[in-house]
2 protein chains.
Amino acid sequence: MRLRDENKELAIREKALEMIVKEGFDGLSMQKLAKAAGVSPATIYIYFKDRDDLIMQIFETENARMADITLDGFDPEMHFEEGLRIQWMNRARYCLENPERMHFMEQIRYSPFHERLQGASKSTFIHAMRTWAQHAIARGELVPLPMEVYWSVAFAPLYQLVKFHMSRQGLPGSKKFTLDEPIMNQTLELVIKALTP
Amino acid sequence: MRLRDENKELAIREKALEMIVKEGFDGLSMQKLAKAAGVSPATIYIYFKDRDDLIMQIFETENARMADITLDGFDPEMHFEEGLRIQWMNRARYCLENPERMHFMEQIRYSPFHERLQGASKSTFIHAMRTWAQHAIARGELVPLPMEVYWSVAFAPLYQLVKFHMSRQGLPGSKKFTLDEPIMNQTLELVIKALTP
DNA sequence: CAAAAATAAACGAACGTTCTTTTATTATCC
DNA sequence: GGATAATAAAAGAACGTTCGTTTATTTTTG
């Protein structure tokens, strides 16, 4: 029996992600992907059921990677401000060090694929975030809010900053925008001001 | 000479938008679109140069519509809080009344199409926003900030709320989330707290 | 009737996927 | 321990279909 060459699967995954980011979903064709990854089209179907399965599997992998990085050094028992700061740093690190993967995730998130994947998301991650917020509220470090309101204020500004950074031009008419640590801290202070009693 | 039937062009645009929202970019085929719009495939090419041109023209139209609604009742000379409140209401109104169009815009915004369209965006809109913010800073109603930081805190939370609303489920594990006026005001208050001195 | 809109039909190219064959690797046997 | 059978990976070529677009023709209307 012949063993699978895991480099092949990896090459397929990486090239597929790259093609989607560069050319969008209609830019990902199985034959072009096979050529780019240096395999036969049929080989792709050894590792993945079909085109959709390929895309979904890549998404799952990236989702897990993102969750891992986000929770690095984080503890749900942390004080609110410390936890928020760690999460911002972790998320920013992921986004800035993996711009291509980040772009892929966003493209999925706003495509019809996403609703097919909603249920599969890691609930342990969400659970950790939820208990952390609840503890912070109980300790009086965070104003009591519906989770969605809290989440929107706490993290959406960060992702908007990342988007400005990745578009390499900020708002039209501005000079180029770079998301550095002073900018991030400045924004984080505003968010903390909004969320602490 | 025969005149163009503007209903045909409209039908093409509407059906194209609908198909992209429902099935993504690879779900938009010219032949299926022609059938859906009740015209011949060749007719589409009377109104649009090619597939890309069709998508871009729809985007331009929707962009203009969005900017119009956003600026409804808005004046760059307004006080900061009043201006922000009007903009939030306008944007929310657009998003909630046109979920399909909103979804289309987001799909474009996160696709490779978007970078081809960056330059074409309405600069009068951005200009109005910029002078409004600058006046507010001069009057001491708004803390001085880089435009990107300000924008991220001022509007990103609203769009995140809209996204929760449109996904019809909020955060995993929560009950269904509906963006109503109390929720919006509550979030807006937090944002104002962050941005005012 | 002139001219542009609108169509039906067709073009080659590219699509996702599969069929058939070959290649590489492990386990088995003498 | 070398030959060989067994098996799955991998490849190449091809499948029928659908793609975006165009051509040739007809229909409509100023």
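Remember, predicted model here, so these are calculated numbers, not experimental data. Residue numbers begin at 1 in each chain, while the letters A, B, ... track the order of the sequences.
Summarising the local packing, NZ of Lys163(A) is surrounded by more than 12 heavy atoms from other residues, nucleotides or ligands at distances under 6.0 Å. Counting non-hydrogen atoms of other residues, nucleotides and ligands closer than 6.0 Å to CD of Glu77(A) gives a total above 12.
Across the protein-nucleic acid pair, Ile12(A) atom CD1 and dT17(C) atom P stand 14 Å apart, rounded to whole Å. Rounded to an integer number of Å, the gap from OH of Tyr45(A) to C1' of dC19(C) is 14 Å. Between Asp5(A) atom CG and dA11(D) atom P the separation is 9 Å, expressed in whole Å. Gln31(A) has its CD atom 12 Å from the C1' atom of dT18(C), to the nearest Å. Summarising the geometry, the separation between NZ on Lys8(B) and C1' on dA6(C) is reported as 7 Å, rounded to the nearest angstrom. If you take CE of Met30(A) and C1' of dA14(D), they are 17 Å apart, rounded to a whole angstrom. When the C1' atom of dA6(C) is taken as reference, atom CD of Glu6(B) falls 17 Å away, rounded to whole Å. Rounded to an integer number of Å, the gap from Lys35(B) NZ to dA8(C) P is 10 Å.
For the OP1/OP2 pair of dG20(D) and a distance below 4.0 Å, the side-chain nitrogens and oxygens of Arg51(B) include at least one atom meeting the criterion. A sub-4.0 Å separation between OP1 or OP2 of dC19(D) and a side-chain N or O of Ser29(B) is present. Contact check, Thr43(A) against dA9(D): no side-chain N or O comes under 4.0 Å of OP1 or OP2.
Looking at which nucleotide of DNA chain C each of Met1(B) and Gly38(B) is closest to, the 5′-most match is held by Met1(B). Residues Leu3(B) and Pro41(A) each lie close to DNA chain D; by heavy-atom proximity, the contact nearer the 5' end of the strand is made by Pro41(A). Between Arg2(B) and Asp26(B), it is Asp26(B) whose nearest contact on DNA chain D lies nearer the 5' terminus.
Criterion: ILVMFWY side-chain heavy atoms under 4.5 Å apart, direct or through other members. Under it, Leu96(B) and Tyr110(A) are not part of a common hydrophobic cluster.
In this structure, Leu33(A) reaches neither bases nor backbone, as no heavy-atom distance under 4.0 Å exists between it and the strands shown. No contact: Leu54(A) has no heavy atom under 4.0 Å from any strand. At a threshold of 4.0 angstrom between heavy atoms, the contacts of Tyr47(A) are confined to the sugar-phosphate backbone, with no base atom among them.
Ring orientation note: the planes of Phe155(A) and Trp132(A) are tilted relative to one another, at an angle of 30° to 60°.
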- Message: Assess the residue pair Phe104(B) and Phe59(B) against the criterion (ring-ring contact (aromatic ring centres under 6.0 Å, His included)); give the C-alpha distance rounded to whole Å, side-chain angles, the decisive distance to 0.1 Å, and a yes or no.
- Response: CA-CA 8 Å; Phe104(B) 169 80; Phe59(B) 176 80; 7.0 Å; no
